[in-house]
Q: 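I am attaching a structure below and will ask some questions about it afterwards.
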Amino acid sequence: MGPAITLPERSQPAVRSPDRYVDIDPSTRKGTDWTEPSPQLVCTPGDADCSANFEPAEQAAEWTLHKNKKSGNAYWDEPKATKRCSGFGAREYKARLWNLHFFSNWTRACRETEIEIHGVVFPTPAQCDSKWPFGGVTGHWVVDVLENDCLAHWGKVADKGCINNRLKRFQSRLHNVKSKEDRMSICLTAPAVIQGKRVPTPTSCNDQGIWGVYGIWDLEDQSC
């Protein structure tokens, strides 16, 4: 018997992390080895962790888009943000629904097809528009997560005194609103802290042109 021959060890196949994601040209997505991201990377509205870094979740959304295309189900294309804010910390997004069959119930398909924006899952649009079958179906969402460009803040809150025997009026100017934004919409949806209590929205807003927009709160006060 001849001398023993020692064979070289076979190299082990590379083990990839389940949350690995390969970024490619979104216009083609051809020849790409996709790996589904971990579901823990995606949050839903109301989660405390939705204020965290959303980059992995956005990658997960790309995976979902790719998977839906292959499944044959209806899916939304990449959501597009509008240029103007729709409220305090909020912006409208819209997307077109694809993969609808000619005799589809477009209203039902629009309402029942979820989408991910900034890693947050929106089960249904706020509004559906249709020019079906040739113009397509468009969904609209108001997104109030990670829209920092739409955040504003109140200045010093002024006590304007009692306006009757039950209510006291407070007033403050809204700051950090860009010139092209709808500052009345932002004002009417901006929360404030007045006398240590969080007030979700003003009672009204007063746009004074070049002097700015002011929020007005009429709050119950026992001292009146």
Side-chain angles (χ1 to χ4, degrees), residues 23-29 34 37 39 41-47 50-51 54-55 57-152 174 177-191 200-202 204-205 207 213:
D23 192 13
I24 59 171
D25 182 355
S27 64
T28 60
R29 294 190 173 89
W34 292 74
L41 296 177
V42 182
C43 69
T44 55
D47 287 350
C50 278
S51 60
F54 279 81
E55 183 179 355
E58 290 172 351
Q59 293 176 349
E62 282 290 321
W63 159 258
T64 300
L65 179 63
H66 167 76
K67 183 171 62 176
N68 286 340
K69 284 187 175 182
K70 295 189 66 176
S71 71
N73 298 329
Y75 66 91
W76 298 105
D77 63 7
E78 190 71 21
K80 306 296 183 184
T82 58
K83 294 182 179 180
R84 301 182 67 182
C85 301
S86 57
F88 176 78
R91 189 183 300 276
E92 182 182 335
Y93 282 73
K94 60 182 179 180
R96 184 171 175 178
L97 191 63
W98 294 96
N99 246 20
L100 283 177
H101 301 294
F102 187 83
F103 295 105
S104 297
N105 183 333
W106 69 265
T107 303
R108 181 176 179 180
C110 180
R111 293 295 182 189
E112 295 183 355
T113 304
E114 65 182 26
I115 194 172
E116 291 181 20
I117 303 175
H118 297 330
V120 179
V121 177
F122 292 83
T124 185
Q127 177 184 336
C128 292
D129 294 334
S130 173
K131 295 181 180 178
W132 184 253
F134 304 109
V137 177
T138 302
H140 302 259
W141 298 262
V142 177
V143 178
D144 58 1
V145 177
L146 292 184
E147 293 296 334
N148 295 334
D149 288 343
C150 296
L151 293 175
L174 189 65
V177 180
K178 296 178 176 60
S179 59
K180 295 183 179 180
E181 298 294 354
D182 184 350
R183 56 186 186 178
M184 284 295 287
S185 294
I186 297 175
C187 177
L188 289 168
T189 54
T201 59
S204 62
C205 290
D207 190 340
V213 60

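If you're wondering where the values come from, they're calculated on a predicted model, not measured in any experiment.
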Q: Find out whether L97 and Y75 are in side-chain contact, i.e. whether some heavy atom of one side chain is under 4.5 Å from a heavy atom of the other.
A: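 Sidechains of Y75 and L97: no contact.
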Q: Do side-chain atoms of D77 reach the backbone of R96 as a donor and acceptor pair under 3.5 angstrom?
A: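 Present.
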Q: Donor-acceptor check, side chain of D129 to backbone of T138, threshold 3.5 angstrom: yes or no?
A: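 Here the side-chain-to-backbone pair does not exist.
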Q: Out of curiosity, K178 NZ to D149 CG, how far, rounded to the nearest 0.5 Å?
A: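 It comes to 4.5 Å.
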Q: Let me confirm one number: the CH2-CD1 distance from W141 to I117, rounded to the nearest 0.5 Å.
A: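 Going from CH2 on W141 over to CD1 on I117, the span is 6.0 Å.
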Q: Strictly distance-based, threshold 3.5 Å: is any side-chain N or O of E92 a donor or acceptor partner for the main-chain N or O of S86?
A: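 Checked: no pair found.
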Q: Taking all heavy atoms of L100 and all of W106, pick out the closest pair and write down the distance.
A: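 Here L100 and W106 meet closest at CD1-CB, 4.4 Å.
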Q: Give, for atom CG of N148 and atom CG of L146, the distance between the pair rounded to the nearest 0.5 Å.
A: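 The CG atom of L146 is 6.5 Å from CG of N148, to the nearest 0.5 Å.
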Q: Are any side-chain N or O atoms of T189 and backbone N or O atoms of F88, one a donor and one an acceptor, separated by less than 3.5 Å?
A: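 Yes: the side chain of T189 pairs with the backbone of F88.
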Q: Return the set of residues passing salt bridge (Lys or Arg N to Asp or Glu O under 4.0 Å) with R108 (not counting sequence neighbours), or none when no residue passes.
A: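 Salt bridge (Lys or Arg N to Asp or Glu O under 4.0 Å) check on R108 returns E112.
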Q: Where is the tightest heavy-atom contact between C150 and A90, given as atom of each residue plus distance?
A: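 Minimum heavy-atom separation between C150 and A90: SG-O, 3.4 Å.
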Q: Rounded at 0.5 Å granularity, tell me how far NZ in K80 sits from NZ in K94.
A: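 Result: 11.0 Å between the selected atoms.
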Q: Strictly distance-based, threshold 3.5 Å: is any side-chain N or O of T124 a donor or acceptor partner for the main-chain N or O of R111?
A: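 Yes, the answer is positive, given that a donor and an acceptor are paired below the 3.5 Å cut-off.
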Q: Considering all heavy atoms of both residues, which atom of A95 and which atom of I115 are nearest to each other, and what is their separation?
A: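 Answer, listing the atom of A95 first, then I115: CB-CD1, 4.1 Å.
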Q: Does any pair with a residue in residues 99-131 pass disulfide (SG to SG under 2.5 Å), and if so which ones, sequence neighbours excluded?
A: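 Passing the test, one end in residues 99-131: C110-C128.
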Q: Got a sec, which residues hit salt bridge (Lys or Arg N to Asp or Glu O under 4.0 Å) with E147, two or more places apart in sequence or on another chain?
A: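 Once residues adjacent in sequence are excluded, the partners of E147 under the salt bridge (Lys or Arg N to Asp or Glu O under 4.0 Å) criterion are R91.
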Q: Which atom names give the shortest non-hydrogen contact between V137 and S130, and what distance separates them?
A: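 Smallest heavy-atom distance, with atoms named: CG2-OG, 4.0 Å.
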Q: Please give me the minimum heavy-atom distance between T113 and A74, naming the atom from each residue.
A: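 Scanning both residues, the minimum pair turns out to be CG2-O, 3.8 Å.
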Q: Compare every heavy atom of M184 with every heavy atom of V213, then report the nearest pair and how far apart it is.
A: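 Nearest heavy atoms, V213 then M184: CG2-SD, 3.8 Å.
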Q: Would you say that Y93 contacts W76 through its side chain, given a criterion of any heavy-atom pair below 4.5 Å between the two side chains?
A: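 In short, these two side chains do not touch, never coming nearer than 4.5 Å.
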